Peer 1: 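My questions all concern the structure below.
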2 protein chains.
Amino acid sequence: MEYTVQKLAQLAGVSSRTLRYYDEIGILKPARINSSGYRIYGQKEVDRLQQILFYRELGVNLETIKDIMTSPSYDGANALKEHREQLLEKRKQLDLLISNVEKTIASTEGRIDMSNKEKFEGFKKKMVEENEQKYGKEIREKYGEETVNKSNAKLLNMSEEDYKAVTQLEARLWETLAEAFKIGDPASETAQKAADLHKQWLTYYWAEYSKEAHAGLAQMYVDDERFTAYYDKEQPGTAEFLRDAIHIYTGQK
Amino acid sequence: MEYTVQKLAQLAGVSSRTLRYYDEIGILKPARINSSGYRIYGQKEVDRLQQILFYRELGVNLETIKDIMTSPSYDGANALKEHREQLLEKRKQLDLLISNVEKTIASTEGRIDMSNKEKFEGFKKKMVEENEQKYGKEIREKYGEETVNKSNAKLLNMSEEDYKAVTQLEARLWETLAEAFKIGDPASETAQKAADLHKQWLTYYWAEYSKEAHAGLAQMYVDDERFTAYYDKEQPGTAEFLRDAIHIYTGQK
DNA sequence: GATACACCTTTACGTCGCGTGAAGGTCAAT
DNA sequence: ATTGACCTTCACGCGACGTAAAGGTGTATC
C-alpha cells in the first residue's frame, strides 16, 4: 500500500505540512518521488512515522528523534519497548497531577491542608526532564553525535528512582569533593573517591563509559568557563582539583 | 508568604522567564511591585499559577487560558473540577497509546495482525482537539470574547462520548440538508429539521444558545467565503439555503 | 479536448512560548 | 567597599510547524 502526502497525513492524524517538514529535515523521507514529483510513502515509512509520533508524544525534540533513529544501533522493536516504558512513566506523572487536583479540590473545600509546594506536584518533574535534555546538548557540542545519541537514548530511560540516585550521588560528590579539597591532594583516597563518585554519576548519562572520555570531560570543566564556574561556586579551584583527581583516577597523569 | 520571581519559579517548576512573560501578557500579574521594581507574588498568585499550569498541561494556549480566567463567570473551584475531568480524559488517551504500543509490539512479534489505521490510535484524537480549538477562534473573531470564553470552557469539557454525538449530528445534518435542498423550500419540514440539527450541533460548542446568535452565525456562513465554501462543497447554494432555513427557524424572517 | 475540483510541489513569512544574553540596578553578607 | 545572588528591561533567536501564494498534476465529467 502506498500513500501520498494527504493520505498518510489523514491516516496518522498529522498535517501534510508536517510530513513535508519531516522530509525537509530528513526525519521521514518518502519511499520514492513519482514522475510528477509527488512524495510516495510505503509501509516502512508508516511504521517509522508511528515511532516518530511516539517519541514526539514523549516530548523528544525532532533533532534528537532523528539522531536516535539514524543511529546504527537503532532497533525498532527495542524502541517500542522503550516507548511503552516511557508512556507508563508518563502515566505515573499524570496520576500525580490527578492526585494533585483532587487534593486541591479537597483543600478548597476545607477537608485537608495543602502546602504550596504540594500544589505543584507533578508539574515539577517536567522541568527536571527539560534540564536534563539541555545538559545533554552541552555534552553533544563537545563530544559529537555518536556518544550523545546513545546517552539521549539512555536518558529517556531514566526512571524516578534513577533520578533520585543521581541526585544523591551528586550530593555525595559535592561533600566528598569539599573534603578532598581540604586535604589538598588530588591523589588522596578521598579525592579518588570523589572521582569514582563522579564516574558513577556519569554512568547515568553516558551509555558507555571510557576513561578517555572521563578525562576529556574533566579537562572540559577547566577549559570551559561555564563548567568551571559551576564547580568553583563553593570553593574556587574545585574544577581544577577535580580535573586532577580524575586524571589520576583514569591514569591519564 | 510572598515570593519574588525565582522563588515562585522554583516552587512551581517553571523558569523565571516564564513568569515575566506571563506578567507581560497579563495572564499572571504579581500582587505588587516593590520599591526596587521587583515583582512580588502572594498566595492568590500561587493558586492562579497552579490553575494556569493545569490548563497548560491540558494543551490550552495561553490566550485562551487568559480569556477563561478573566471571564466574570470564571470560578476557581469549578475549574479544578474541570481540570480533573480533563486529566482523566487525557489519561484515557494515554491508555490508548499504551494499548497501541503493546499491540504494535505484539504485531512485530507476529502474535497479532494490526492495520495501519490502528497504528495511529490515540494520536488522532489530538488532531481533532486542535481542529476544534481552531474553529473556536473563527467564532471569536466574529462574535467577541464573551461568547467564546464560555464556549471554550465548554469545549474543554467535551468528552469522547460528546464528540461522537457531535460527529453523528454533523453527519445527519449533511444528510438532512442535502435532502431539504432537493425539496428546495427553506421553510419545509425537512429544512426546519436541518436547522434544528444545526442548533443541536451548536449547543456542543456554545455554552448558551440564542436565536440571534444562531441567525447571525448563519448569515456569517454566507458572508464569509470560507464558510460558504465549506457548506457549498457538495452542493453550491447550500450555505445560502441553510442560512434561509435558519432564519425561518429562528424567526428572523 | 476543456473544465472543475482535489491534490501535488516549492517558497516564504509568521506564530507561540519561551531560552538566552546583554546592560544595568538591588539586596545582604562580609 | 566588595562580592555574589537576584532583580529589571530589551532584544534576538529557536523549534515545530500554520498559512498562503504560485504553479503543476490527476481524475471525472461533459
Side-chain angles (χ1 to χ4, degrees), chain A residues 2-10 12-28 30 32-41 52-53 55-57 59-67 126-127 130-131 133-135 137-138 141 225-226 229-230 232-236, chain B residues 2-10 12-28 30 32-41 52-53 55-57 59-67 126-127 130-131 133-135 137-138 141 225-226 229-230 232-236:
Chain A
E2 295 194 326
Y3 302 87
T4 52
V5 168
Q6 198 186 22
K7 285 288 171 61
L8 183 58
Q10 278 184 348
V14 298
S15 69
S16 50
R17 177 73 181 103
T18 298
L19 293 179
R20 285 188 204 101
Y21 181 62
Y22 285 1
D23 180 14
E24 180 188 323
I25 63 175
I27 201 173
L28 179 66
R32 60 188 177 87
I33 308 293
N34 78 6
S35 55
S36 316
Y38 286 16
R39 293 171 178 82
I40 306 294
Y41 299 90
I52 290 165
L53 293 183
Y55 279 119
R56 213 178 66 167
E57 183 66 31
V60 183
N61 68 48
L62 296 183
E63 185 66 26
T64 303
I65 295 172
K66 184 182 165 189
D67 292 342
K126 217 162 210 177
M127 183 174 169
E130 281 161 2
N131 280 345
Q133 284 272 51
K134 183 180 163 186
Y135 193 69
K137 191 174 161 188
E138 291 284 339
E141 285 172 6
E225 280 178 356
R226 286 168 302 177
Y230 177 68
D232 282 1
K233 73 187 177 188
E234 303 228 344
Q235 177 67 257
Chain B
E2 295 194 325
Y3 301 87
T4 51
V5 167
Q6 199 186 20
K7 285 289 172 63
L8 183 58
Q10 278 184 346
V14 299
S15 69
S16 50
R17 176 75 180 100
T18 298
L19 293 179
R20 285 187 203 103
Y21 181 64
Y22 287 179
D23 180 13
E24 181 188 325
I25 63 174
I27 201 173
L28 179 65
R32 60 188 177 88
I33 307 293
N34 78 6
S35 56
S36 317
Y38 287 16
R39 294 172 176 83
I40 307 294
Y41 299 90
I52 290 165
L53 293 183
Y55 280 118
R56 212 178 66 168
E57 183 67 30
V60 183
N61 67 48
L62 297 182
E63 186 66 24
T64 303
I65 294 171
K66 184 183 166 189
D67 292 340
K126 215 161 213 181
M127 182 174 169
E130 281 162 4
N131 281 344
Q133 284 272 54
K134 183 179 163 186
Y135 194 70
K137 191 174 161 188
E138 292 282 339
E141 285 172 5
E225 279 178 0
R226 286 168 303 178
Y230 177 68
D232 283 1
K233 74 187 174 189
E234 301 228 346
Q235 178 68 258

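Letters A, B, ... mirror the listed sequences (proteins, then strands); counts begin at 1. Predicted model, so just to flag it, every value in this text is computed and none were measured.
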Peer 1: In this structure, how many angstroms lie between the C1' atom of C/dG14 and the OH atom of A/Tyr21, rounded?
Peer 2: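 A/Tyr21 atom OH is separated from C/dG14 atom C1' by 14 Å.
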
Peer 1: Just to confirm, is there a sub-4.0 Å distance from OP1 or OP2 of C/dG17 to any side-chain nitrogen or oxygen of B/Arg20?
Peer 2: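 No, B/Arg20 has no side-chain N/O under 4.0 Å of OP1/OP2 on C/dG17.
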
Peer 1: Calculate the interatomic distance between B/Glu24 atom CD and D/dC10 atom P; express it in whole Å.
Peer 2: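 So the two atoms are 9 Å apart, to the nearest Å.
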
Peer 1: What's the closest nucleotide to the B/Ser36 side chain, out of C/dT9, C/dC27, C/dG17?
Peer 2: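 For B/Ser36, the side-chain atoms sit closest to C/dC27.
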
Peer 1: Is the base of C/dT20 touched by the side chain of B/Arg17 through a donor-acceptor pair closer than 3.5 angstrom?
Peer 2: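 Yes, a donor-acceptor pair under 3.5 Å.
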
Peer 1: Rounded to the Å, how far apart are A/Arg56 CZ and D/dA16 P?
Peer 2: 10 Å

Peer 1: Using OP1 and OP2 only, check whether a side-chain N or O of B/Thr18 sits under 4.0 Å from C/dG19.
Peer 2: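 Answer is yes, contact under 4.0 Å.
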
Peer 1: Nearest 0.5 Å, what's the CG-OH distance between B/Leu8 and B/Tyr41?
Peer 2: 6.5 Å

Peer 1: Would you kindly compare A/Asn34 and A/Tyr22 by the position of their nearest DNA chain D nucleotide and give the one closer to the 5′ end?
Peer 2: A/Tyr22

Peer 1: Look at all strands and tell whether B/Leu62 reaches a base, only sugar-phosphate, or nothing, counting heavy atoms closer than 4.0 Å.
Peer 2: sugar-phosphate

Peer 1: Starting at NZ of A/Lys7 and ending at P of C/dC8, how long is that distance when rounded to a whole Å?
Peer 2: 8 Å

Peer 1: Where the side chain of B/Tyr38 is defined as all heavy atoms beyond and including C-beta, which of D/dG24, C/dT9, D/dC7 is the nearest nucleotide?
Peer 2: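 Nearest to the side chain of B/Tyr38 among the choices is D/dC7.
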
Peer 1: Using atom CD of A/Gln6 as one end and atom P of C/dC5 as the other, report the distance to the nearest whole Å.
Peer 2: 17 Å

Peer 1: Taking only the side-chain nitrogens and oxygens of A/Thr4, find out if one of them lies under 4.0 Å from OP1 or OP2 of C/dC7.
Peer 2: no

Peer 1: Measure the NZ-OG1 distance between A/Lys66 and A/Thr64 for me, rounded to the nearest 0.5 Å.
Peer 2: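 So the gap between those two atoms works out to 11.5 Å.
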
Peer 1: CG of B/Leu28 to CD1 of B/Ile65: how many Å apart, nearest 0.5 Å?
Peer 2: 11.0 Å

Peer 1: Is the shortest distance from a Lys or Arg side-chain nitrogen in B/Glu2 or B/Lys7 to a carboxylate oxygen in the other one below 4.0 Å?
Peer 2: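 Salt bridge absent between B/Glu2 and B/Lys7.
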
Peer 1: Identify the heavy atoms of B/Ile52 and B/Ile27 that sit nearest to each other, and give their distance.
Peer 2: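 That closest heavy-atom pairing would be CD1-O, 3.6 Å.
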
Peer 1: Quick one: A/Leu28 CG to D/dA16 P, roughly how many Å, whole number?
Peer 2: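 That distance rounds to 15 Å.
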
Peer 1: If I take atom CG in residue A/Leu19 and atom P in nucleotide C/dT9, what distance separates them, rounded to the nearest angstrom?
Peer 2: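 So the CG-P distance, A/Leu19 to C/dT9, works out to 9 Å.
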
Peer 1: Give one of base, sugar-phosphate or nothing for B/Arg39, where a contact means two heavy atoms less than 4.0 Å apart.
Peer 2: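 Sugar-phosphate: the residue B/Arg39, judged by heavy atoms under 4.0 Å, touches backbone atoms but no base.
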
Peer 1: Take A/Gly37 and B/Ser16, find for each the nucleotide of DNA chain C with the closest heavy atom, and name the residue whose nucleotide sits nearer the 5' end.
Peer 2: A/Gly37

Peer 1: Rounding to a whole Å, what distance do you find between B/Ile65:CD1 and C/dC16:C1'?
Peer 2: 12 Å

